[in-house]
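Heads up, the thing below is written out as structure tokens.
Treat the numbers as computed from the prediction; the structure is a model and nothing was measured.
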Amino acid sequence: MKNKRNLLSCLIILLTGVIHFAVQAQQKNDTRRANFSGEWKSKESIGMGGNIVCSYDEGDRMLSKTMRIAEQADFLIIEIPNPSPGAVLATSQEKLAFDGKESQINHGWERGKKFTVKLSADGQTMTVNSIVHLMVATPFNINVQKQELVYVTEVWKLSNDGKSISVQANAKSTLWGGERSWKTVFDKAS
């Protein structure tokens with residue numbers, strides 16, 4: 001009887017220790033994982049790095065050298081300052097949901113984009129696949145516009161220390177023919 005009590009006491013102590021160490025290990029992993037939140041700055045915008053037209057509007061994040069990102073569990077919000085000189089202090093926002101479902105931004109006149117977003121299991125890599133809808137002037141007649149589609153894949157990688165984001169972008173379109181690839185690095189400003 002005494003051996004059973006001793007065995008039961010030892011099992012309880014052992015089980016308590018295992019649970020305690022598992023909880024501590026999980027808390028350490030959660031606190032060390034950096035995320036995309038913060039203010040980020042780059043020397044050039046994502047779109048200009050590839051020297052391509054892949055933005056549908058002047059408030060598009062592809063044209064900005066500065067982004068403020070707020071990451072939540074299932075999505076992130078990117079705020080872009082208004083680039084127009086003399087404009088009231090306004091920002092544009094883009095919500096990137098990690099569910100892989102298609103989202104759409106429509107600015108009328110056949111301008112906008114459709115996109116999907118996936119976040120890696122470790123939370124360090126995000127892939128954005130977009131189809132950008134543009135209206136461009138036809139050759140030899142600038143008064144006639146036609147729709148062009150630009151297919152863009154962006155792979156965002158957060159550095160292990162959480163101080164930089166590299167964006168590897170690939171784009172293709174019939175507008176220029178072929179495919180272009182480039183990399184843009186954003187450094188954390190705050």
- prompt: Parallel, tilted or perpendicular: which describes the rings of Phe36 and Trp156, with under 30° parallel and over 60° perpendicular?
  reply: perpendicular

- prompt: With respect to Leu96, which candidate in Ile69, Ile78, Thr116 satisfies the side chain to side chain contact (heavy atoms under 4.5 Å, CB included) definition?
  reply: Ile78

Check side-chain contact (heavy atoms from CB on, under 4.5 Å) between [X] and all other residues, then give those that pass, not counting sequence neighbours.
{"X": "Lys43", "answer": "none"}
{"X": "Phe75", "answer": "Gln72, Ile77, Lys95, Ala97"}
{"X": "Ile131", "answer": "His133, Leu149, Tyr151"}
{"X": "Asp74", "answer": "none"}

Path from Phe186 to Val155 over hydrophobic side-chain contacts below 4.5 Å: no

field: Same cluster (ILVMFWY, side-chain, under 4.5 Å), Val128 and Val152
entry: yes

I want to check something: taking the side chain as every heavy atom from C-beta on, are [X] and [Y] in contact at a cut-off of under 4.5 Å?
{"X": "Ser159", "Y": "Ser164", "result": "yes"}
{"X": "Gln124", "Y": "Asn160", "result": "yes"}
{"X": "Ser181", "Y": "Gln168", "result": "yes"}
{"X": "Thr66", "Y": "Trp40", "result": "no"}
{"X": "Phe115", "Y": "Glu102", "result": "no"}
{"X": "Asn170", "Y": "Arg180", "result": "no"}
{"X": "Glu94", "Y": "Ile80", "result": "no"}
{"X": "Lys188", "Y": "Ile165", "result": "no"}

field: Carboxylate-amine/guanidinium proximity below 4.0 Å for Glu154 and Lys183
entry: no

field: Exercise: identify the closest heavy-atom pair between Thr184 and Glu44
entry: CG2-O, 3.4 Å

- prompt: Can you name the nearest heavy-atom pair linking Ser45 to Lys65, along with the distance?
  reply: N-CG, 3.9 Å

statement: Taken to the nearest 0.5 Å, the spacing of Lys118 NZ from Thr125 OG1 works out to 14.0 Å

query: When rounded to the nearest 0.5 angstrom, what distance separates OG in Ser103 from NZ in Lys113?
result: 10.5 Å

Which residues share a salt bridge (Lys or Arg N to Asp or Glu O under 4.0 Å) with Lys41, sequence neighbours left out: Glu39

query: Who pairs with Thr153 by side chain to side chain donor-acceptor pair (under 3.5 Å), at least two apart in sequence or on another chain?
result: Asn129

- prompt: Taking the side chain from Ser37 and the backbone from Ala70, do they hold a donor-acceptor pair closer than 3.5 Å?
  reply: no

